[in-house]
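Everything below concerns the one structure shown next.
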Amino acid sequence: MNEDVSSEASAIDEALLAGLRNSRHVLCVSHVAPDGDALGSLTGMGHIMHRLGATTTLALQDETPAELKFLPGAADIVGPKQITDAYDLIICLDASSVDRMGHIYRSEAHAHIPLFVIDHHITNTRFGHINWVAPDCAATCQMLVYLVDSLGLPLDETLATCLLTGLVTDTLCFRTSNTNARVMEAAMRLMSAGANLSDITARALNRRSFNLFKLWGLVLPTVQLDEGVIWVHVRRAQTKAAGMTTGDVQLSSMLITANEADISAVFLEKVAENGGPAVECSFRARPGFNVGEVAFELGGGGHPPASGCTIQGTIEEVAPRVVELLKQARRKGLAAS
Ligand code: 5GP
Ligand code: MN
């Protein structure tokens, strides 16, 4: 039943295009704890489907982070309570496995509805009826630039703003190792269509809450480094003391800039849905090292240089085991270099 579509960004499957063109009531969804690519591809897809004449519901399990609320269409996003089963298509964006949609996707109520997956994670589990997975793209938003071309639609300022936001945030403003000429070409086209790069960068990347700095001040004194792996624990008491409620603590990308480190990890203490302890792990790696494989083995996913997973258990149980796996991944990278 599952159909795998070419990962060549320029060769988009006809069945996918026809499915988009022929659907009238569409549910678009992205991943829990949404980032810029999740929000950009979700709102961008909303605009695309609107242009195709469909009625579209945009849904996310979790709140839109404050720094991404400027995106055109973000105010229309609904949560799990507003979801029905009256759709003729579900489009899942930037999510590598079915669980990443959280409670928006209901496996029983939605089983009869075609599910299209559009994603750029190499760890994607191909859980849709049609899966367009393009790991050669730096962001799901980059894929949507090619989709717009294939659908014969114009890029306008609104759509370009959504798509450039995902491209800018997933590449950390064109600094990641997968930022190639195709990425710059897509970005240039989005800018030519009216997207404002400096405004997007200023809003989506260069703004942080004061409380986040308080949290960094609390956790950074305990940062650890061993065998080229740098990591930090973030306790619930610390997030609470800093006044943080939701959101990314944005430390893994900073820790990987340490001269001595090839791999970084952040272990964030959480409460699981069953009420037990859980740890949300965020990993980064320098080029030549692969943390995507580690996260995938632990039930999560991502890319070779940036990945994550959530593991049941306390930080004391989880972190030492995961640090060992990260050291192994580093040795593997060193051996291959
Ligand atoms: P971040 O560390 O910025 O939260 O996530 C880095 C990358 O790993 C992103 O591409 C994100 O989609 C992926 N990722 C993070 N956490 C998870 C997870 O729990 N499951 C899966 N499948 N991917 C994750
Ligand atoms: Mn992405």
Side-chain angles (χ1 to χ4, degrees), residues 9 29-45 60-62 65 67-68 92-102 105 117-127 132-145 162-172 175-179 183 186 204-205 212 230-232 234 246-256 263-268 270 272-273 278-285 290-312 318 322 326:
V29 51
S30 189
H31 60 79
V32 293
D35 56 13
D37 196 27
L39 260 313
S41 60
L42 183 68
T43 52
M45 198 70 215
L60 286 173
Q61 147 135 356
D62 298 327
E67 68 273 18
L68 294 167
C92 176
L93 299 138
D94 198 42
S96 60
S97 51
V98 71
D99 55 296
R100 295 282 287 162
M101 292 184 277
Y105 187 77
V117 170
I118 302 179
D119 182 36
H120 71 125
H121 293 93
I122 197 163
T123 57
N124 191 288
T125 60
R126 273 86 173 163
F127 53 97
W132 177 27
V133 180
D136 52 331
C137 287
T140 301
C141 282
Q142 186 186 346
M143 298 172 71
L144 296 192
V145 175
C162 298
L163 300 188
L164 189 59
T165 299
L167 206 48
V168 161
T169 53
D170 259 24
T171 60
L172 302 176
R175 289 182 301 163
T176 54
S177 56
N178 59 0
T179 304
V183 171
L205 286 176
L212 185 59
I230 187 168
W231 74 95
V232 73
V234 182
T246 54
D248 182 5
V249 298
Q250 299 176 34
L251 274 170
S252 47
S253 295
M254 184 161 71
L255 294 181
I256 194 61
I263 288 178
S264 70
V266 173
F267 298 102
L268 180 66
K270 286 258 156 127
E273 287 203 347
V279 181
E280 197 179 285
C281 310
S282 169
F283 308 130
R284 295 291 183 271
N290 188 339
V291 288
E293 278 176 8
V294 178
F296 189 68
E297 278 163 26
L298 292 168
H303 315 278
S307 67
C309 58
T310 297
I311 304 174
Q312 308 280 322
V318 169
V322 175
L326 294 172

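When a ligand or atom number is given, it counts from 1 through the structure's own listing order. All figures in this text were calculated on a predicted structure; none of them were measured in a lab. Just the heavy atoms: all of them, side chains too, but no hydrogens, waters or symmetry mates, feed the values below.
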| said: Is it true that, when you exclude I122 itself, more than 12 heavy atoms of the residues, nucleotides or ligands shown sit nearer than 6.0 Å to its CD1? | reply: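 No - once you tally the heavy atoms of other residues, nucleotides and ligands closer than 6.0 Å, there are 12 at most.
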| query | Which residues pass the side-chain hydrogen bond (donor to acceptor under 3.5 Å, both in side chains) test with H120, sequence neighbours left out? | reply |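 Testing H120 for side-chain hydrogen bond (donor to acceptor under 3.5 Å, both in side chains), a comparison that skips the adjacent residues, returns D37, D94, D170.
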| message | Run the salt bridge (Lys or Arg N to Asp or Glu O under 4.0 Å) test against E293 and tell me which residues pass, sequence neighbours left out. | response |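 In terms of salt bridge (Lys or Arg N to Asp or Glu O under 4.0 Å), with neighbours along the sequence ignored, E293 is linked to K332.
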Are side-chain heavy atoms of [X] and [Y] found at a separation under 4.5 Å?
X	Y	answer
S307	V294	no
L163	L167	no
K270	T310	no

| Using a distance-only test with no angle check, is there a side-chain donor-acceptor pair under 3.5 angstrom linking R284 and S264? |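 Short answer, no.
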| said: Whether the S282 and S252 side chains hold a donor-acceptor pair (N or O, under 3.5 Å, no angle test) is what I'd like checked. | reply: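 Side chains of S282 and S252: pair found under 3.5 Å.
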| query | Tally of protein N/O/S atoms under 2.8 Å from the Mn ion (ligand 2)? | reply |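 Number of qualifying protein atoms: 4.
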| query | Between S30 and L42, what is the shortest heavy-atom contact and its length? | reply |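 That would be N-CD1, 4.0 Å.
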| request: Could you name the protein residues that come within less than 4.0 Å of ligand 1, counting only heavy atoms, and order them by chain and residue number? | output: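 Answer by chain and number: S96, S97, R100, H121, S282, R284, G300, G301, G302, H303, A306, S307, G308, C309, T310.
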